[in-house]
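A short worksheet on the structure shown next.
Atoms considered below: every heavy atom in the structure, side chains included; atoms not considered: hydrogens, waters and symmetry mates. Order of the sequence lines sets the chain letters (A, B, ...), proteins ahead of strands, with each chain counted from 1.
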There are 2 protein chains.
Amino acid sequence: MSQVWWVNHKQTVGQEIGGQYLWSPKKDKNGRRIEYYENMRRAQPGDLVISYANRQVNHIGRVAEFAFSAHKPIEFGTKGAQWSNDGWYLPVYWVPLSPPVRPKKLIEVLGPLLPTKHSPLRSYSGDGNQLYLARVSKAVFDVIVSKSTYDAELLLRGGANSLTFQSIAERLDDDAERRIGENLELDDTVKKAVIQARRGQGTFRSSVEAIEKSCRLTGITNRSLLIASHIKPWRSCETAQERLHGMNGLLLTPDADLLFDRGFITFEDDGKVQVSPRFDHEDLRRLGLGNIVSPLRGFSEAPFVWQTDAFAPAQCRYLEYHRRQVYVQ
Amino acid sequence: MSQVWWVNHKQTVGQEIGGQYLWSPKKDKNGRRIEYYENMRRAQPGDLVISYANRQVNHIGRVAEFAFSAHKPIEFGTKGAQWSNDGWYLPVYWVPLSPPVRPKKLIEVLGPLLPTKHSPLRSYSGDGNQLYLARVSKAVFDVIVSKSTYDAELLLRGGANSLTFQSIAERLDDDAERRIGENLELDDTVKKAVIQARRGQGTFRSSVEAIEKSCRLTGITNRSLLIASHIKPWRSCETAQERLHGMNGLLLTPDADLLFDRGFITFEDDGKVQVSPRFDHEDLRRLGLGNIVSPLRGFSEAPFVWQTDAFAPAQCRYLEYHRRQVYVQ
């Protein structure tokens, strides 16, 4: 069942609509996690989004992928300078609403449908509240679109191709690589090693191979079939040290690498595997991962966990990041 | 059981030893396939290689990966200008033999050990023959190294990290991308689409998605888990048209993409899957592909084939290339 979200854009509305995404910092200016930033992580592919800016709804959207941990978009420029660089990037495919809708005019109908807590609009005046992403009911969506028109087919299918996980990950990695290239404090040799590490090559791979000997999910030891994956994603690392640290890596087959990078699987410090409840178990079976361990074989209702070797303390530091910021709960 | 090869380098010995590979054209100057170029495809990871140049053996090597279809290395410059650009690239990890060995001096012992056909040396005079890669016996290797010393540990383990399939594929792709960048006849928009196609993105992906609907190996339809793979590899395509043609693509999960790109699986025109006899069936099972179809489940001795939908004629043209030039027989 898809959820419905309402976003009150700030001054970056143009960048977000044009770039097919939403972006928010992870924490408010006091360093606290707040409901309407946390909602970025709760949005799921297929969810609907109402885009509200300058007192009207100009676009509606469909969430294309789960949120990524991502640096503040370069195209924001000086806008949003008060936000920290560490944020959530939610891929959303937007389509225009024509004509735009002014919710204030509909407040008599909308008011009773708005949530009592964390409402994007004041239910009496119809003015916008100071928040970013809020959950609303499908009825709110229906009222808004009943006053206008949009291309439903485009909303459902359009942009699908450009908003896959892989293409967005590439783009975010490209942005990170550009920032590394422009970093005047990094030595050229280090830059080269860091950029090789993006694809799991070079000194990073050697360092990981000194620690991990096989894919923890499939048991594969054939090096030609293994990728040196970052636990804390390469694009999210803050320093060259983090990007090159062997303790920040696992050897995984390409399927396992994708699932881990996408946050559909993670590990406990003791080596237990966790599979996201948001991940389709039939897909897990088709990927051949459902056959490795007995709890999956029968599609039991129990949580899908299986056991690998316990991690070293230095690995656990990165795993904690993965569980909190990458794993899709 | 590893094989032993003998290479008679031409003027590109420095590039080949320094770059950790062998390279040969696929055909001779008359456009014919010849034994000692075909041997590039017969070499397997773990095989030993004796490097002969300027009348002596300065290096011995270990084959690190099956041969790739690859353009003539840029670093050859004007050397080997007579060779066509379409060739085989065989990753070999070389270690020095110290002191170098002159086979001519050992010809009384070596002579009787040399093959009667396609011998790299004349068995009476000990002079080099006009050929590139020849198969010799382990006894030939033993005689050569008995007169010198080398680091056996380094030969076995060294350089392993830099010569994985993925790192070599990246490097060959980088070379191809550089050539595209320098191609003055290509429009910038086309260049951009062609470069996006390298990672299976952009218009190439859309075109493939219009033709193929799921992974032919796993049945996965979830687009987030699928890669748009080239049938004729991106790095081997000769034109922008080939790189962007939807008929030159399949939708595959990351594991299947790697196996297909590496030539461990291929397809018949009627849709039958072929698994290379060189690929470890235990690895296939661990990757979860052994569980999809019944012939694999029991590890029957029969060839591992299973059936997918028949291909369109335009796809078959690319599949023929894949079967002949990529598939590891």
Self-check item: Contact origin within A/Phe204 toward chain B - heavy atom pairs under 4.5 Å
Solution: neither
Quiz item: Is it the case that more than 12 heavy atoms not belonging to B/Lys213 sit under 6.0 Å from its NZ atom?
Solution: yes
Exercise. Let me know if B/Ile227 has heavy atoms under 4.5 Å from chain A in its side chain, its backbone, both or neither.
Key: both
Quiz item: side chain to side chain contact (heavy atoms under 4.5 Å, CB included) between B/Gln201 and A/Gln166: does it pass, once the steps are laid out?
Solution: CA-CA 8 Å; B/Gln201 311 292 353; A/Gln166 290 105 321; 3.6 Å; yes
Exercise. Could you tell me which portion of B/Phe66 (side chain, backbone, both or neither) has an atom closer than 4.5 angstrom to a non-hydrogen atom of chain A?
Key: neither
Practice problem: Report the distance from atom OG of A/Ser224 to atom CG of B/Asp280, rounding to the nearest 0.5 Å. | Solution: 12.0 Å
Self-check item: 4.5 Å side-chain heavy-atom contact, B/Thr218 and A/Asp283
Solution: no
Self-check item: Residue pair A/Arg286 / B/Leu225, side-chain heavy-atom distance below 4.5 Å
Solution: no
Practice problem: Measure the spacing between CG of A/Leu217 and CG of B/Leu287 and express it to the nearest 0.5 Å. | Solution: 11.5 Å
Practice problem: Please look at B/Glu65 and chain A and tell me whether the side chain, the backbone, both or neither of the residue comes under 4.5 angstrom of a heavy atom of that chain. | Solution: side chain
Quiz item: Relative to chain A, which segment of B/Leu258 carries a heavy atom at a distance below 4.5 Å: side chain, backbone, both, or neither?
Solution: side chain
